[in-house]
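Here the structure comes first, spelled out in C-alpha cells, and everything after it is commentary.
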Amino acid sequence: MPLVTTTEMFKKAYNGGYAIGAFNVNNMEIVQGITEAAKELEAPLILQVSKGARAYANHTYLMKLVEAAVIETGLPICLHLDHGDSFELCKSCIDGGFTSVMIDASSKPFAENIEITKKVVEYAHDHGVVVEAELGTLAGIEDEVQVSAEDSSYTHPEEVEEFVSKTGCDSLAIAIGTSHGAYKFKPGTKPQLRFDVLDEVVKRLPGFPIVLHGSSSVPQEFVEKINKFGGNMPGAIGVPEDQLRQAARSAVCKINIDSDLRLAMTATIREYFAEHPGDFDPRQYLKPARQAIKEMVAHKIVDVLGCDHKAF
Ligand SMILES: O=C(CO)COP(=O)(O)O
Ligand SMILES: O=C[C@H](O)COP(=O)(O)O
Ligand SMILES: [Zn+2]
Ligand SMILES: [Zn+2]
C-alpha cells in the first residue's frame, strides 16, 4: 500500500468515535518504535515531520524511513508536514511526496491566514494532497493570564465556518487549552481543556475533522525517571488522558504527540547510562529507548485514541 491521505482515515475516525495518533518522527528508532506498535495493533497512522525535523534529518532520509515503514508494516500511513510556516515549505513537501501538509498561519491576522491557507489548499489539492489549517493560538504557561483575561488565544467558534468555506482546508486545528512541550499547566492548577469551545466548533462544522495539537500527557513515570537519573524537569505536566479520551470520542480525528516520545526516549537512555556507565555502543541504549517508545505508543493507541484494529 502506498502512503495515503487522511481522507478515509478521518471519515472512519469521525464516524467511529476514535482518533488517529499523529506522532512526530526525527530518526530511525522513533519511526520503528511507533510503527512496530501500530503494526501489532493494526492501527492507522499519521507520521509527521516538522520543519526542524527536516532540518535535522533531511527530507530524503525521513521520506525513505517512512517508506520503509510502509513496506514493513503494510499499514495505511499518512506522511504529514507539521506546522508548515510558508507556502514554499508546504510546496516543497508536496513536491517531495508528502500526502498531507499543515499550513500554520494562525499567528497572522484572520484575512491573511485565509489567504495563505487558500493558496496552499489550491496547490495541494491539485497534487492529491490534503491540508490541515489552524485557527487560534495554543495556550502556553506564559499566556495563561492573557488567555483567562481576554479569552483571546482560544479558537473563536464564530470564525470557523467562514474560514473553512473560504480556504477549502480538509481539517482544522483548534486551540482549546492544550500547548506544546512538557510544561502545559501550572503546578497546583487543575488541567482542563475547553470542551465548551470544541462543542461550539462542532456545532458549526458538523462532520468536519478537528485536530488537537499539544496533546502529550507527559507521563509522570518518565518525568520521575528523568529526574531520578540526573535530569531536571520539575513541574512537567501534560494533558490528562481522560480528557484526551473524551476528545478522541468527539469530532477530534487527529491527536498530536511528540513530547511523550521525547520523554520515553530520554528517560530510558538516562536510566540505561546510570546503570551501564561503561557502555558506549549506541545500539545498546537505543534499543531499550525504541522499545519504550513502542510501549508508550501502544498504550496511546489502545487506551487513549481507541484506533487499534481500525487500519483495514
Ligand atoms: O502538537 C504537537 C506537534 O505538532 C506535539 O505536541 P506535544 O508537545 O504535546 O507532544
Ligand atoms: O509542534 C512541535 C512539535 O513538537 C515539533 O517540534 P520541533 O519543531 O522541535 O521538531
Ligand atoms: Zn500554531
Ligand atoms: Zn503542534
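Start at 1 and go down the list; that is how both ligands and their atoms are numbered. Small disclaimer: the values here were computed from a predicted structure and weren't measured.
At distances below 3.5 Å, at least one donor-acceptor pair connects side-chain atoms of T99 with backbone N or O atoms of V4.
Contacts of K203 classified as salt bridge (charged side-chain N to carboxylate O under 4.0 Å, His left out), with partners at least two apart in sequence or in another chain: E200.
Between F98 and H59, the distance separating the two ring centers is shorter than 6.0 angstrom. The ring of F229 has its center no closer than 6.0 angstrom to the ring center of F273.
Of all protein N, O or S atoms, those under 2.8 Å from the Zn ion (ligand 4) number 3.
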Quick one: ligand 1 N/O to protein N/O pairs below 3.5 Å?
| residue | atom | partner | partner atom | Å |
| --- | --- | --- | --- | --- |
| ligand 1 | 1 (O) | H180 | NE2 | 3.1 |
| ligand 1 | 1 (O) | H213 | ND1 | 3.4 |
| ligand 1 | 1 (O) | G214 | N | 2.8 |
| ligand 1 | 4 (O) | D82 | OD1 | 2.9 |
| ligand 1 | 4 (O) | D82 | OD2 | 2.7 |
| ligand 1 | 4 (O) | H83 | NE2 | 3.2 |
| ligand 1 | 4 (O) | H213 | ND1 | 3.1 |
| ligand 1 | 4 (O) | N256 | ND2 | 3.2 |
| ligand 1 | 6 (O) | G214 | N | 3.3 |
| ligand 1 | 8 (O) | G181 | N | 2.8 |
| ligand 1 | 8 (O) | S259 | OG | 2.7 |
| ligand 1 | 9 (O) | K184 | NZ | 2.6 |
| ligand 1 | 9 (O) | S215 | N | 3.1 |
| ligand 1 | 9 (O) | S216 | N | 3.0 |
| ligand 1 | 10 (O) | S216 | OG | 2.6 |
| ligand 1 | 10 (O) | D258 | N | 2.7 |
| ligand 1 | 10 (O) | S259 | N | 2.7 |

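Within the 4.5 Å cutoff, the side chain of E29 has no heavy atoms near those of the I293 side chain. For the pair H80 and M102, the minimum side-chain heavy-atom distance is below 4.5 Å. With a 4.5 Å cut-off on side-chain heavy atoms, Y56 and S50 do not count as touching. Side-chain contact between M233 and L263: present, with at least one pair of heavy atoms (C-beta onward) separated by less than 4.5 Å. Looking only at side-chain heavy atoms (C-beta outward), H213 and H83 come within less than 4.5 Å of each other.
R54 and S92 share a side-chain donor-acceptor pair at under 3.5 Å. A donor and an acceptor atom, one from each side chain of Y272 and D279, are located under 3.5 Å apart. Between the side chains of D170 and H125, at least one donor N or O lies within less than 3.5 Å of an accepting N or O.
Hydrophobic clustering (ILVMFWY, side-chain heavy atoms < 4.5 Å, transitive): F208 and V211 are in distinct clusters.
For ligand 2, the protein residues within 4.0 angstrom (heavy atoms only) are N24, S50, D82, H83, H180, D258, R262.
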